[in-house]
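Throughout, protein chains are lettered first and strands after them, A, B, ... in sequence-line order, and every chain is numbered starting at 1. Heavy atoms only: backbone and side chains are in, while hydrogens, waters and symmetry mates are out.
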Protein chains: 2
Amino acid sequence: MDDQPRRTRIQERNRARILEAALGTFARFGYRGTRVDQIASDAGMSKSNLLYYFGSKSEIYKAVLAGLLDRWLAPLRTLDPDGDPRRELTAYIEQKLRFSANEPEASRLFANEVMQGAPMIRDVLEGPLKALVEEKAEVLRHWAKAGKIRDVDPYHLIFLIWATTQHYADFAPQIEALTGSGIHDDRFRKGALETLSALLLEGLLPRA
Amino acid sequence: MDDQPRRTRIQERNRARILEAALGTFARFGYRGTRVDQIASDAGMSKSNLLYYFGSKSEIYKAVLAGLLDRWLAPLRTLDPDGDPRRELTAYIEQKLRFSANEPEASRLFANEVMQGAPMIRDVLEGPLKALVEEKAEVLRHWAKAGKIRDVDPYHLIFLIWATTQHYADFAPQIEALTGSGIHDDRFRKGALETLSALLLEGLLPRA
DNA sequence: AAAAAACCTGACCAAATGGTCAAAATGAGC
DNA sequence: GCTCATTTTGACCATTTGGTCAGGTTTTTT
């Protein structure tokens with residue numbers, strides 16, 4: 001598949017710099033809104049030099065996305081069919097919130113790519129992601145059948161967790177404007193986790 | 001404030017066309033990623049003619065956003081402090097889902113603007129929106145004190161509703177790839193509403 | 001230290017982009 | 001039909017953008 005690229009130290013360092021800078025601008029302005037020049041200057045090098053490492057804008061974009069998808073997907077993989085639903089789901093939410101806190105730009109880039117119609121990652125969505133989600137949906141159905149959780153549509157449940165956790169990264173400016181804080185703050189993140197998992201597990205209405 | 005512009009029929013029609021086309025491309029590509037030329041061609045007119053109606057790209061953008069904010073905010077305004085929490089929240093979720101179904105592009109444009117740091121609407125977020133949200137948070141706290149709902153952080157609760165409902169518009173391509181359907185579909189929307197309100201109100205764990 | 005390879009720069013280019021303008025075409029009011 | 005205001009066009013412009021390239025500089029290898 002991937003042949004070993006055999007990279008120099010300089011290459012290693014500069015490619016990393018470029019990818020980091022590119023993540024920032026792609027996340028903010030999308031693919032079309034991003035200027036190669038700006039990536040270069042953010043990465044602290046000339047445009048010519050940047051293009052020495054990545055032949056074109058779209059090549060940078062693909063490289064950034066490729067590194068991103070795995071990290072985005074990882075938390076879902078850890079959902080354990082044999083675990084306790086309450087524990088498992090709380091852990092899942094926590095991992096997703098942590099991702100939003102630690103890599104908000106990655107979250108926003110993913111959102112941006114999907115909002116544009118997922119032109120670059122459509123095959124991943126329809127292939128590996130779809131398979132994984134179906135597998136985990138089956139886990140949820142199984143829990144429901146065993147009476148461990150209520151019988152709800154597993155897809156909408158998964159979407160709810162994605163939406164709420166990613167929201168803290170994707171809409172960070174709004175949240176900051178309204179609350180004066182954000183998911184990067186430890187206390188805030190703890191509050192979000194508690195409220196989210198409590199609502200998801202116990203619901204809003206008082207129990208009889 | 002706004003002086004009456006006194007517009008021709010032609011102006012009325014062409015401005016509307018432009019704003020609609022602009023909504024589409026701004027939602028997809030963001031401000032910087034959008035090309036004036038493309039808006040014009042989507043609106044069925046020449047770039048020159050478009051610029052006869054709106055003097056510049058940013059003028060178009062501002063006009064689109066201005067028309068959008070009210071519609072985005074409207075549902076929250078209807079939350080009635082004297083109503084039954086269960087009814088009120090379900091109605092709120094339904095309105096937000098309807099918005100995602102009927103105006104997905106508006107939802108995506110809003111998301112895009114916020115993700116870029118809300119440069120154009122920051123003052124609205126920090127002013128009117130903040131005030132309205134604080135007001136409604138107070139309603140939720142009041143319900144909690146009256147024992148009508150559980151005592152949860154009202155802000156995270158509001159974010160949960162925003163996140164989940166908007167997700168169906170903003171991440172439509174992903175949802176479509178995974179489920180083969182989307183919020184535009186009546187049956188799908190009904191399913192989303194039922195699952196969402198059930199989860200939010202009753203929670204996932206079976207009641208004792 | 002010489003040679004080879006890797007790295008970097010600045011000048012350059014064609015295409016695209018936001019925007020202007022004078023003049024032509026179309027419409028409304030009489 | 002005639003006049004005047006509105007609308008539309010196409011040619012044009014300066015700037016920006018993605019990308020190339022020849023040659024110079026630094027690092028690595030021998």
Side-chain angles (χ1 to χ4, degrees), chain A residues 3-66 109 112-113 116 119-120, chain B residues 3-66 109 112-113 116 119-120:
Chain A
D3 41 355
Q4 205 96 324
R6 183 183 283 285
R7 297 205 179 103
T8 323
R9 263 171 243 132
I10 297 180
Q11 262 174 59
E12 211 70 58
R13 187 182 54 116
N14 281 349
R15 287 179 62 98
R17 271 196 197 171
I18 292 169
L19 290 178
E20 197 191 323
L23 174 60
T25 61
F26 280 134
R28 204 171 160 92
F29 301 112
Y31 178 75
R32 288 186 28 170
T34 287
R35 305 289 125 90
V36 177
D37 225 2
Q38 188 178 342
I39 301 179
S41 105
D42 287 2
M45 68 182 71
S46 71
K47 188 177 65 162
S48 306
N49 199 22
L50 182 151
L51 287 165
Y52 168 71
Y53 288 98
F54 292 88
S56 71
K57 182 178 172 180
S58 78
E59 208 178 298
I60 311 174
Y61 189 69
K62 281 179 204 161
V64 175
L65 270 188
L109 175 55
N112 222 310
E113 163 71 10
Q116 274 170 51
M120 228 67 181
Chain B
D3 42 355
Q4 204 93 325
R6 184 182 281 286
R7 299 208 176 100
T8 324
R9 261 170 245 130
I10 297 180
Q11 263 174 53
E12 212 70 60
R13 188 182 52 116
N14 280 351
R15 287 180 61 98
R17 271 195 197 173
I18 292 169
L19 290 178
E20 196 190 324
L23 174 61
T25 62
F26 280 133
R28 206 173 158 90
F29 301 111
Y31 178 74
R32 289 185 28 169
T34 287
R35 305 288 127 92
V36 176
D37 226 1
Q38 188 178 341
I39 302 178
S41 105
D42 287 1
M45 67 183 70
S46 69
K47 187 178 63 162
S48 308
N49 199 21
L50 181 151
L51 287 166
Y52 168 72
Y53 288 99
F54 292 88
S56 71
K57 182 178 171 180
S58 78
E59 208 177 301
I60 311 174
Y61 188 69
K62 283 178 203 162
V64 175
L65 269 189
L109 175 53
N112 223 309
E113 163 70 10
Q116 275 170 49
M120 228 65 182

What does B:F54 touch in the nucleic acid at a heavy-atom separation under 4.0 angstrom: a base, only the sugar-phosphate, or nothing? nothing
To the nearest angstrom, how far is [X] atom [atom1] from [N] atom [atom2]?
X: A:E12; N: C:dA6; atom1: CD; atom2: P; result: 15 Å
X: B:R17; N: D:dT7; atom1: CZ; atom2: P; result: 14 Å
X: B:N14; N: C:dT26; atom1: CG; atom2: P; result: 15 Å
X: B:Q11; N: C:dG27; atom1: CD; atom2: C1'; result: 13 Å
X: B:N49; N: C:dT20; atom1: CG; atom2: P; result: 15 Å
X: A:M45; N: C:dG10; atom1: CE; atom2: C1'; result: 17 Å
X: B:Y52; N: C:dA22; atom1: OH; atom2: P; result: 16 Å

How would you list, by chain and number, every residue that makes a side chain to side chain donor-acceptor pair (under 3.5 Å) with B:R13, sequence neighbours excluded? none
On the six-membered ring of B:Y53, is B:R15 placed so that its NZ or CZ lies under 6.0 angstrom from the centre and within 45° of the ring axis? no
Going by atom types alone, do A:Y61 and A:E113 pair a side-chain donor with an acceptor below 3.5 Å? yes
Polar side-chain atom of [X] near backbone of [Y] as donor-acceptor pair, under 3.5 Å:
X: B:K62; Y: B:K57; answer: no
X: A:Q116; Y: A:G30; answer: no
X: A:T25; Y: A:T34; answer: no

Go along nucleotides 14-30 of chain D 5' to 3' and tag each nucleotide: B for a protein heavy atom under 4.0 Å from its base, S when only backbone or sugar atoms are that close, - otherwise. ---SBBB----------
